[in-house]
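What follows is a short report on a single structure.
Numbered from 1 within each chain, the chains take letters A, B, ... in sequence-line order.
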Amino acid sequence: MKLEALPWILLFLPLCAAGIITLFTLRSQKLSAGLSIGAIVSGFVLAIALIKSGGWEAREFSLNWLSIGNLNVDFGLRLDALSLMMLLIVTGVGSVIHIYSYGYMHEDEGFSRFFACLSLFTFSMLGIVLANNFLQLFIFWELVGVSSYLLIGFWFDKASAADASKKAFLTNRIGDFGFMLGILTVFAVVGSLNFAVIQEQFKANPALMGGSATLAGLLIFCGAMGKSAQFPLHVWLPDAMEGPTPVSALIHAATMVAAGVYMLCRVVFLFTPEALTVISWIGGFTALLAALIAVQQNDIKRILAYSTLSQLGYMVMAVGLGGAGAAMFHLTTHAFFKALLFLGAGSVIHAMHHEQDIWKMGALRKKMPVTFWTFLVGTLALCGVPPFSGFYSKDAILAQAWHAHNYPLFVIAVSVAVLTAFYMFRLFFVVWVGDVRSAEAGHAHESPGVMIWPLRALVVLALFGGVLGINEIFAAQFSAAEHAEASEHGLTLLQRIAEPFTNAPVAAGIGIIATLIGFLTARGLYATAKSDPLTSKLGWMSRAMANRFYFDEIYEATVIRIHDLAGTISNWIDSWIIEGLCIGVVRGGTDLTGRALRLVQTGNLQTYAFLFVLGVAVVLWLTLGK
Amino acid sequence: MSLEISVVALGLIVLLADLWLPAERKRMLGYSAAAALLLLFLNTFTSHCSCSLAEGPDNMTSAGMFIQDGLAVFFKRFFLLAAVLVLVMAVEFSDRIGAGVSEYYSLIVFALAGMLFAASANDFVMLFAAIELITITFYVLTSFQRGRVRSLEAGVKYLILGALSSAFMVYGIALIWGTTGKFNFQELAQVAGKFAANRVFLFGVVFFLVGLGFKIAAFPFQMWTPDVYEGAPTPTTAFLAVGSKATGFVLLLRFLFTAIPDVAMHWNKLLIIVSGITILYGNLCALPQRNLKRILGYSSIAHAGYVLLGVAALTTAGESAVLYYLAGYLFTVLAAFAVIALVMRHLNSEDLAGLAGLNQRSPLLAATLTLAMVSLAGIPPLAGFFGKFLLLKAVIEQGPANHGYYCLAFTALAGVIISLYYYFGVIRAIYWSKETPDLSPIEISKPMKMAVCFCMAGMFYLGLFPGALINYAAQVVKSLK
Amino acid sequence: MTTLTLIFALPLLAAVLLAFIPRNFAVVMRLVALVTTFITMLLAVKMFWNFDCAAADNDGYKFVATIPWLGSHALGIVCRLGVDGLNVGLVLMGAIVAFAAACCSAEIKSREKEFYILLLVMTGGILGAFASLDLFFFYFFHELALVPTFIMIGVWGRGEKRNFAAFQITLYLSIGALLTLVGLIDLYLQVPAEIRTFDIPSLTRFFVEHPMALASQSFIFPLLLFGFGVLVSLWPFHSWAPLGYGSAPTATAMLHAGVLKKFGLYGLLRVVIPFMPQSAQHWMPILAWLSLGNILYVGWVAMKQKNLNLLIGNSSVAHMGMIFLGIATLNLVGVTGAVVIMIAHGFLAALTFGLSGYIHSQTGTLEMSELGGLAKKMRFVGVAFVMAAMAGCGLPGFLNFVGEATVFFGAWARPGLRLVTVLAVWGALIVGAVYMLRAVRATLHGPLPEKWGRLPDAVLWRKLPYAVLLASLFLFGFAPKLLTDKIKPVTQQIVDMANAQEIATQAATVPSPVTGVSTNGTKPAPGGVKESGK
Amino acid sequence: MNVGLEHYLVVSALLFALGLLGVITRRNLIVMYMSLELMLNSANLALVSFSRFNDNLNGQVMVFFIITVAAAEVAVGLALIVALYRKRQSAHVEDLTSMKL
Amino acid sequence: MDALLNYLFSSNGLFWVFAFMTLACGGLVVANPFSRNPVTSAMFLVLTIISMAGLFVLLHAFFLAAVQVMVYAGAVMVLFLFVIMLLDLQEEERRKVKKLGLLAGLLSIGAIAGIFVKSLMAAQPGRGLPAPVAEGGTIPLGKLLFTNYLLPFEIVSVLLLVAMVGVILLSKKDLK
C-alpha cells in the first residue's frame with residue numbers, strides 16, 4: 001500500500017463504517033459497534049503510522065473536486081503538526097469514547113444508529129482536521145454540525161432533545177453564515193481557497209486584503225464562534241447535553257467544539273491585530289461568563305458544559321493574544337480531561353439511572369471507587385493543579401496574557417481560574433462527598449468494565465498530557481507564522497515539568513494561588529452542605545446565574561421574534577394580498593364581467609336588433625365619424 | 001363549375017329520391033349523399049376534375065363572376081368535407097327531426113352549393129345570390145325541428161337578424177356599386193384606390209362589412225349566435241359554426257384583399273378593435289355558461305375573434321394563418337358537435353350535467369369531446385394550438401409597425417386563458433361529475449364512428465404535422481392579390 | 001434513432017399504448033408506466049455516461065436527431081433533439097424523477113388509466129422540452145407536459161383548496177406560458193424572413209453575428225424574463241406554487257416541482273440571456289433583488305406554514321431564488337452554480353414531495369400539528385426525510401450545497417451584488433435551516449401520538465424511488481465534476497455572449513487593468529468571476 | 001332646383017332609417033318584417049337611382065335579384081312566423097325569450 | 001297654381017310628390033300614431049311600394065317599376081295580409097315603451113343617417129355626371145340577365161326551390 005493512500009483511508013474508514021451500518025447492519029448491534037470502533041481505532045493506528053512514517057512536517061495530498069472558471073476547489077488533505085496532532089486527539093479520544101459507548105448505550109434500541117452517527121461524526125471531524133482549503137473546511141464544518149444535530153437529537157422522541165438539537169444546529173448555522181461570508185471575502189481578494197496559497201500570498205504582501213482584512217477575519221471568526229460556542233453564540237452548548245453522555249464527551253468537550261479553535265489556529269495568519277483584539281476579548285468574556293453560570297448550575301452535565309464553554313473561551317482568548325500554540329496545547333489537554341470528566345459523569349448518570357441533579361447524589365465515593373478516582377484526576381487537571389496536564393496548558397495561556405502585557409485579560413483569566421476551581425470542587429463535594437441524598441444514590445454501583453477502562457486510559461493522558469511535549473510540536477508549527485521564539489529542539493522531561501515556572505513564574509504562581517482560593521471556598525461552602533448555600537447569599541445574582549443570564553430569553557425576544565414576525569407578515573401578505581386581493585380581484589372581476597356581459601344576451605330579439613344598430617353606429621363613427 | 005352543378009344535382013336527386021324511398025331506407029339516403037359528397041371531395045384532388053387545379057383569373061367564367069383560384073378550391077374542399085361530416089351527423093340525428101328527413105339532407109346539400117358558389121364569388125351580385133342561398137337555407141335548417149319551440153324561436157331570431165344584416169349588406173353593395181360602378185372585385189380593385197377618400201364609398205364598405213360581420217359573428221354583430229346555436233338542431237348548428245362562418249371569412253378575405261386592398265390597409269385599427277373585443281366578449285360570456293351548445297356558441301364568437309387576428313394583421317402570413325385556423329376549427333368543432341348530437345340525443349336540454357359518466361358510456365366520445373375542448377383551448381399537440389400560434393405570429397410580426405398589434409396579441413392571450421376555464425369545465429363534466437344518472441352505453445353507427453375518428457385524426461394531424469397545410473395555405477393566399 | 005429520441009419517445013408511445021388497455025387492468029397500467037420510465041431512466045443514464053465520448057455536431061450538441069415529419073419546414077420549425085452540457089443533466093434528472101414519480105403513483109386508487117396516461121404524457125413532454133433544439137418544440141413539449149399537471153391537480157388533488165389551487169396554477173402557468181410564447185415568437189421574428197428558424201443553434205449563431213436591436217431587446221427581454229419567471233415562481237408571482245404542489249397528487253408535484261419548473265430557467269439560460277445581452281445586463285440586478293424575494297420572503301412564509309406540503313412547496317420556491325441569483329450573476333461561476341442547483345433541486349423536490357406523499361398516504365393528513373414522532377415508526381422514511389431536509393438547507397454532501405456555494409462565489413464576484421449575496425446567504429443558511437428543521441421536528445421528532453402507533457414503514461419497492469433520488473443527490477454531491485465539467489463549456493459560452501458588450505466596451509475604454517494579484521495557476525475566465533480584484 | 005342623385009339617395013337613406021326604426025321599435029314580428037322589407041326597398045331605390053345617373057343598367061339587374069330574393073325570404077319568413085305562432089299563440093318578440101343569457 | 005301644377009307634373013315635381021309619399025307612408029308603416037294594427041302597416045307598405053314604383057318610373061326603370069308593383073305590392077304584400085288574417089293578429093299591445101332604449105335607438109339611427117348625409121354632402125356622387133340616358137326597359141335588362149348574370153340567376157332559381165321546400169316543410173301539419 002502506498003503511503004499517500006493512508007490519510008485517505010484514515011479519513012474514509014469512518015464514513016464507510018457509517019454507510020455500512022446504515023445500509024446493512026442496523027439489526028445487528030455487535031457488528032455495528034464493531035465496525036464503528038474498528039474504524040476509529042484503525043484510524044488511530046493509521047495516524048500513528050503517519051507520524052512515524054512522515055514525521056511532523058507539512059505535506060499535502062489533493063484531488064481536484066470542483067473547478068469552474070477561477071473557482072478551483074480541491075479535495076485535499078493537509079498533514080502538518082497541527083493536523084496530525086489533532087488527528088491523534090480525535091482518533092485517540094474518540095476511540096476511548098467509542099468503546100465506552102458500547103457499554104453506556106447497551107440497552108438503547110437505537111444502538112446501531114448511534115454508532116452510525118458517531119462514525120459519521122468522526123468522519124466529519126477528521127475532514128475538518130485534514131482540510132487543506134476553506135471550502136472543504138466549510139463542508140466538513142457543516143457535516144460536523146449535522147452529525148452533532150443527529151447525536152444531540154438522538155433521543156428524538158424526547159421533545160427537549162429534539163428542540164436542543166434544532167437549536168444547536170441553527171446557532172451553528174448563524175456562525176456559519178459569517179464563516180461563509182468570510183470565505184467569500186477572502187476568495188474575492190486572493191482568488192484561492194487553499195490555506196497554503198493564501199498564507200504564501202499574505203507572506204508576500206501582508207496588506208493584501210487592505211481594509212477588508214479585519215472584517216474578513218472577524219467573519220471567519222464567526223464560524224469559530226458558532227462551533228466553539230463563544231459569546232454570543234454560546235447558548236446551544238448547554239442544551240446540547242440532552243444528547244447521550246458519550247456524545248457530550250466526544251463532541252461537546254473533546255472534539256467538535258475544539259474545531260473552532262483549531263480553525264482559528266489554522267488560519268491565524270489572516271487576522272489583523274484589531275481582529276485579534278476582538279477575538280481575545282470575546283474569548284475572555286465567554287470564559288468569565290460561562291464560569292459564572294456554571295457556579296449556579298445543578299445538573300452535572302450542564303456544569304461540565306459551562307466549564308467547557310469557559311475553557312473554550314480560554315483557548316479563543318489565547319489565539320487572540322497571539323498564542324495559537326498555547327491554545328492548541330490547552331485544547332489537547334482539555335480534550336483529555338474533559339472527556340474524562342464527561343465519561344465519569346456518564347458513569348455516574350448510568351449508575352443513577354439517568355438522574356443528573358447533583359443535589360440528588362452524594363457520597364458516591366464508596367459506591368463507585370474507580371469512577372471517583374478518575375473523576376478526581378479530571379477535576380484536578382481542569383482546575384490546573386500541578387502537575388496535572390491542565391496546569392501546563394492553562395499556564396501557557398496565562399503566560400501568554402502576561403507576556404502580551406494584556407493585564408485586563410490576565411485578570412479575567414485568573415478570576416476564571418478561581419471560579420473554575422470553585423465550581424468543580426462544588427461539584428466534587430456535592431456528588432462524591434457528603435451524605436446520600438436520594439434512593440438512587442443509595443443503590444448506585446460501579447459501572448461495567450467496558451466503561452471503566454476507558455476512564456483509566458484517559459486518566460493517564462490527563463495526568464501526563466502536560467509534559468509530553470505537545471506544546472513544542474505546536475510551537476514549531478506556529479513559529480514560522482508568528483515568529484515565536486520557542487526553541488526548535490526538544491526539551492528534557494524535567495525541563496518540561498518546570499517549564500511554567502521558568503517561562504513565566506508570576507503567571508504560574510498566580511494561577512496556582514487562584515486554584516487554591518477556588519478550592520478553599522468550595523470546600524468551605526459545600527463540604528457538608530445539604531442544599532446550595534450560595535443561592536440565598538447571592539440573591540438575584542444567583543437567579544441570573546442559574547438562568548444563564550437570560551440569554552435564551554434575550555434571543556427569544558430578538559432574533560427569533562424578528563424572524564417570526566417577518567414570517568407572519570410575509571405569510572399574511574401571501575395569503576391576503578397576493579392570493580386574496582390580486583388573484584381574488586382578477587378572478588372575481590373576470591367572473592363578474594362575464595356575468596354582466598351575459599346580461600346583454602336578453603333573448604329579446606328587439607334588444608339584439610337595437611344592439612346591432614348601435615354597433616353599426618359605433619363602427620361608422622369610428623371609421624367615418626371624423 | 002361542374003362541382004357546383006353536381007352538388008345542386010345531388011340536392012335535387014335527394015329531394016326526388018325521397019318520393020320513392022320507403023321510410024326505413026331514408027338513413028341510407030343520407031349516407032349515400034354523404035358518400036357522394038365524399039367522392040366529389042376526393043375528386044377535387046384528381047387532376048382530371050375541371051375545378052381542381054385550374055386556377056387563376058384566366059379561368060374566370062360567366063363574365064368574371066365566378067373565379068376558380070386556389071382560395072376557392074381550398075374553401076370548396078373545406079365546405080365539402082364539412083358537409084360530409086354534417087350529413088353523417090344529420091343521419092344520426094334524423095330520428096329527432098321526424099318528417100322531412102330527406103329534405104333536411106337536401107337542404108344541407110343546397111346550403112353547401114351556396115357555400116361553393118360563395119367561395120368562387122368574384123362579384124357582388126354573385127356574392128349576394130350565394131349568400132342569400134346559404135342564409136335562406138339556414139333559416140329553414142335552423143327551424144327544422146318544428147316540434148320544438150326553441151328551434152322555431154332560433155329560426156325566427158336568425159331570420160330577423162339575418163334579414164337585417166342582409167339589408168345592410170345590400171345597401172352597402174348599392175353604395176359601393178353606385179360610387180364605383182363596379183360589381184366585379186378585380187375591376188373594383190383597380191379603381192378602389194381612387195375612392196379611398198370617398199365617404200359614400202367607405203360608408204358602403206362599412207355596411208357591407210356589417211353584413212359579413214354578422215355571418216362570422218364578430219362583435220358587435222354576434223348577438224344571435226348563442227341563441228341560434230342553442231335552438232337549432234345540432235347538425236345545423238355544426239354547419240352554421242363551420243360552413244357559414246367560413247363563408248363569411250372567405251368573402252371577407254376576398255373583399256378586403258382582392259377587392260379593396262388599398263382601402264383595407266388603413267383599416268387595421270378597426271379590425272384590431274373588433275377582433276380584440278370579439279375575443280374577450282365570447283370568452284367572458286362563456287364563463288358562467290352551463291348549456292353546452294351555448295358554450296360552443298360563445299366560443300365560436302371568441303374563435304371568430306381569433307381568426308380576425310389573422311385578418312387584422314393584413315399580411316399574407318395572417319391570411320394563411322386564417323386558413324390554417326379554420327381548417328383546424330373544422331375538425332374540432334365538428335367533433336364537438338358530433339358528440340353533442342349523439343349524447344344529447346334523448347335529452348331535452350344540453351346542460352353540462354348530461355355529459356356525466358360519458359367516459360363510461362362511450363370512451364370514444366368522451367375522448368373526442370375532450371380532445372376537441374383541448375384543441376379549442378389551443379393546447380398542444382392539437383390543431384388549435386398550431387392555429388393560434390400562426391395567428392399570434394402573424395399579429396406579432398406587425399407589432400413593431402403598430403403597437404396596437406401587441407395589445408391585440410395580449411388581448412388574445414387573455415382570452416385564451418379565460419377560455420381554459422370553461423373548456424376544462426366541459427372536460428370535468430365528462431369525467432368527474434358527482435352524479436351519474438344514466439350509464440347506458442351509447443350506440444354509435446359505423447359511419448359516425450368513422451366520422452368522429454376522422455375528426456380526431458384531423459386534429460392530431462394538423463397539430464403535429466402542420467407542414468403540408470401551411471405550405472398549401474401559403475400558396476393559396478397568393479391568389480388573393 | 002438515437003438514445004435521446006428513444007428517451008423522449010418511449011413515454012409518449014407508452015401513453016398511447018395505455019389508451020388501448022381496458023380500464024380494469026390497473027396493475028398492467030402501473031407496470032407499463034413503471035417499466036417505461038425505468039427503461040427511460042436507464043437510457044438517460046447511459047446517455048449521460050456516454051456523453052463525453054459522443055460525437056458532437058458543429059454547435060457542440062451531441063446525440064442530435066431530427067424527427068423530420070414533425071413541424072413545418074416552411075416556418076423553420078423542425079423537431080430536432082440534442083443535448084449539450086447544459087441539458088444533458090436535466091434530461092437525466094428528468095428521467096430519474098419520472099421513474100421515481102411512477103413509483104410513487106401507487107397512492108392513486110381511482111381512474112388509474114387516465115392518471116398513468118397523463119403521467120406518461122407529462123414525462124414525455126418534459127423530456128422533449130429539455131431535449132429539444134427547436135424553440136417551437138421546446139415550448140410545445142412544455143405545454144404538452146403542463147396540461148396534464150392542471151388536470152391531475154384538479155382531479156386527483158387533495159385538500160379543501162384543491163379547486164382553488166388548480167384554478168390558480170392554471171391561471172399563473174398559462175399566463176407565464178403565453179407571455180413566453182409571445183416573446184419567443186417575437187424573438188423568432190427578429191431574424192430576417194428568408195432565414196427564419198426556431199432552431200436554437202442557428203439562432204445562436206445568428207445573434208452572435210447580428211446582435212439584436214436594442215428596442216427589440218427591451219421589449220422581448222422582460223416578456224421572456226417574466227414569462228419564464230412566472231413559470232418558475234419568481235417572486236412575486238410565486239403564490240401558485242406552494243398551494244399547487246400542496247394540493248397536487250404526489251407524482252405530479254414531484255414531476256412539476258422537480259423537473260418541469262426548470263423549463264423556465266433553462267429557457268432563460270438557453271435563449272434569453274445569450275440572445276439579449278444588453279437587456280440582460282440591465283435586468284440582472286433587478287432579477288437579483290427579486291431572487292431575494294424568493295429566498296428570504298418565501299423562506300419566511302415557509303416558516304409559518306402549518307401544513308407539511310405547503311412548507312415544502314414554499315421551500316421549493318425559495319430554492320428557485322438561489323437559481324435566479326446564480327443566473328443574475330452573469331458570470332461563469334454563478335451561472336454554472338445555477339445549473340447545478342437546477343439539477344439538484346430536481347432530485348430534492350421530487351424526494352421531499354415523494355416522502356410527504358408517503359406520509360400522507362399513510363396518515364391521511366399533513367397538518368404538522370397532528371403529526372410527530374413518525375421517525376419512530378417509519379425508520380426509512382424518517383432517515384430519508386431528514387436527509388432531504390438537510391439537503392434542503394444546503395448541507396454539503398448533497399448536490400445542492402455545491403450549487404449554492406458556487407452561486408455564492410459567483411455572486412460575490414459581482415461587487416454590485418454583495419448586499420444581495422449577504423442576505424441570500426442568510427436566507428439559505430439560516431432561514432432555510434429554520435423551516436426545514438421545523439418540518440423535521442414537527443413530523444418526525446417529538447413524542448409519537450397514540451393514533452400513529454401502527455404505521456408501517458415503506459416496503460422495499462416503495463423505498464426504491466427515494467433511494468434512487470438520494471443516491472443521485474449523493475453521487476453528484478460527492479463528485480460534482482461529473483456535472484460541472486459538462487456544464488462549464490456551455491455556461492462559458494452563454495456568459496461570453498451575455499457579456500460580449502461589456503467586454504467590448506471595457507477593451508475599448510480601459511486598457512486591460514491587470515491587477516497585481518496572481519492566482520495560483522487559475523486562469524481568470526473571460527467574463528468570469530474575476531471582477532472584484534482591487 | 002334640379003332633382004339629382006343626391007335627392008334620391010337622401011330619400012333612400014331616410015327610408016332605410018325608417019325601416020331600421022321599425023325593426024327596433026315595433027314588437028310585432030310581422031311588422032318588424034315589413035320594416036325589413038322597407039330597408040331592402042331603400043337599397044333598391046339607391047341602386048336604381050345610381051343606375052340611372054351612372055348610366056349603367058347593371059344596378060337594375062341587382063335590384064331584380066334583390067326583389068326575387070326578398071320574395072323568397074318573405075315566403076320562408078312568414079311560414080316560420082306562422083309555425084311559431086301555432087306553437088306559442090303569439091307573434092310578439094317579447095314572448096320569444098325562452099333562450100337567453 | 002298652374003305653375004305649381006306644372007311643376008308638380010314635371011319630373012322634378014313628381015319626384016317631390018313621390019318622395020314625400022314614399023317617406024310618409026313608410027313612416028306610417030313604422031309608426032302610425034293612430035293605429036298599431038299590422039293590417040294598417042301592411043296597407044301603408046303597399047302604398048310605399050307603389051310610390052317607389054313611381055320613383056322608379058321617374059328614373060326610367062320601367063321594368064323594375066312594373067316588377068315592383070306586381071311582385072311586391074301584388075304578391076308579397078298579399079302574402080303578408082294573408083298571414084295577418086290567418087293568425088288573426090290583434091292590435092299590437094301597447095306595452096310600456098322603454099324610453100331610454102327608444103331614445104338610444106333613435107340616436108343611433110339618427111347618427112347613421114346623419115353620417116350618411118354628411119358623407120353624401122362630402123362626396124357629392126352626383127356631381128359632374130352626364131345627363132342620364134339609361135333606359136331600364138325589358139329588353140336590355142333581359143339581355144343582361146341572361147348573358148352576364150346567368151349564373152346568379154341560376155343560383156337564385158335554386159334559392160327559390162329551397163324557399164319552396166322550406167315553406168312546405170315549415171307549414172306541414174303532421175307534427176307531434
For residues [X] and [Y], is any side-chain donor paired with an opposing acceptor at under 3.5 Å?
| X | Y | answer |
| --- | --- | --- |
| B/Thr135 | B/Lys215 | yes |
| B/Tyr422 | B/Asn283 | yes |
| B/Lys293 | B/Thr234 | yes |

Would you mind telling me which of [options] has the largest number of heavy-atom pairs within less than 4.5 Å of chain B?
| options | value |
| --- | --- |
| D/Ala83, D/Ala72, D/Ser12 | D/Ser12 |
| D/Gly59, D/Ser49, D/Ala46, D/Gly77 | D/Gly59 |
| D/Val76, D/Leu80, D/Val63 | D/Leu80 |

Aromatic rings [X] and [Y]: how do their planes relate, parallel, tilted or perpendicular, breaks at 30° and 60°?
| X | Y | value |
| --- | --- | --- |
| B/Trp224 | B/Tyr229 | perpendicular |
| B/Tyr171 | D/Phe16 | tilted |
| B/Phe255 | B/Phe185 | perpendicular |

Select one option (side chain, backbone, both, neither) describing which atoms of [X] are under 4.5 Å from chain B's heavy atoms.
| X | value |
| --- | --- |
| D/Val23 | side chain |
| D/Ala13 | both |
| D/Ser42 | both |

To the nearest 0.5 angstrom, please state how far the [atom1] atom of [X] sits from the [atom2] atom of [Y].
| X | Y | atom1 | atom2 | answer |
| --- | --- | --- | --- | --- |
| B/Arg146 | B/Ser151 | CZ | OG | 9.0 Å |
| B/Glu103 | B/Phe144 | CD | CZ | 6.0 Å |
| D/Ile30 | D/Tyr85 | CD1 | OH | 9.0 Å |

For B/Arg148 and B/Glu230 the tightest heavy-atom approach is NH2-O, 4.2 Å

Can you say whether [X] sits under 4.5 Å from chain D via the side chain, the backbone, both, or neither, judging by heavy atoms?
| X | result |
| --- | --- |
| B/Phe207 | side chain |
| B/Leu175 | both |
| B/Ala163 | both |

In terms of heavy-atom pairs under 4.5 Å with chain D, the winner among B/Arg294, B/Glu132, B/Gln289 is B/Arg294

For the side chain of B/Ser120 and the backbone of B/Phe117, is there at least one donor-acceptor N/O pair under 3.5 Å apart?
->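 No; zero donor-acceptor contacts below 3.5 Å.
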
Going by residue number, which parts of residues 152-159 of chain B are within reach of chain D, meaning a heavy-atom gap below 4.5 Å?
->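 Under the 4.5 Å heavy-atom cut-off, B/Leu152, B/Glu153, B/Ala154, B/Gly155, B/Val156, B/Lys157, B/Leu159 qualify.
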
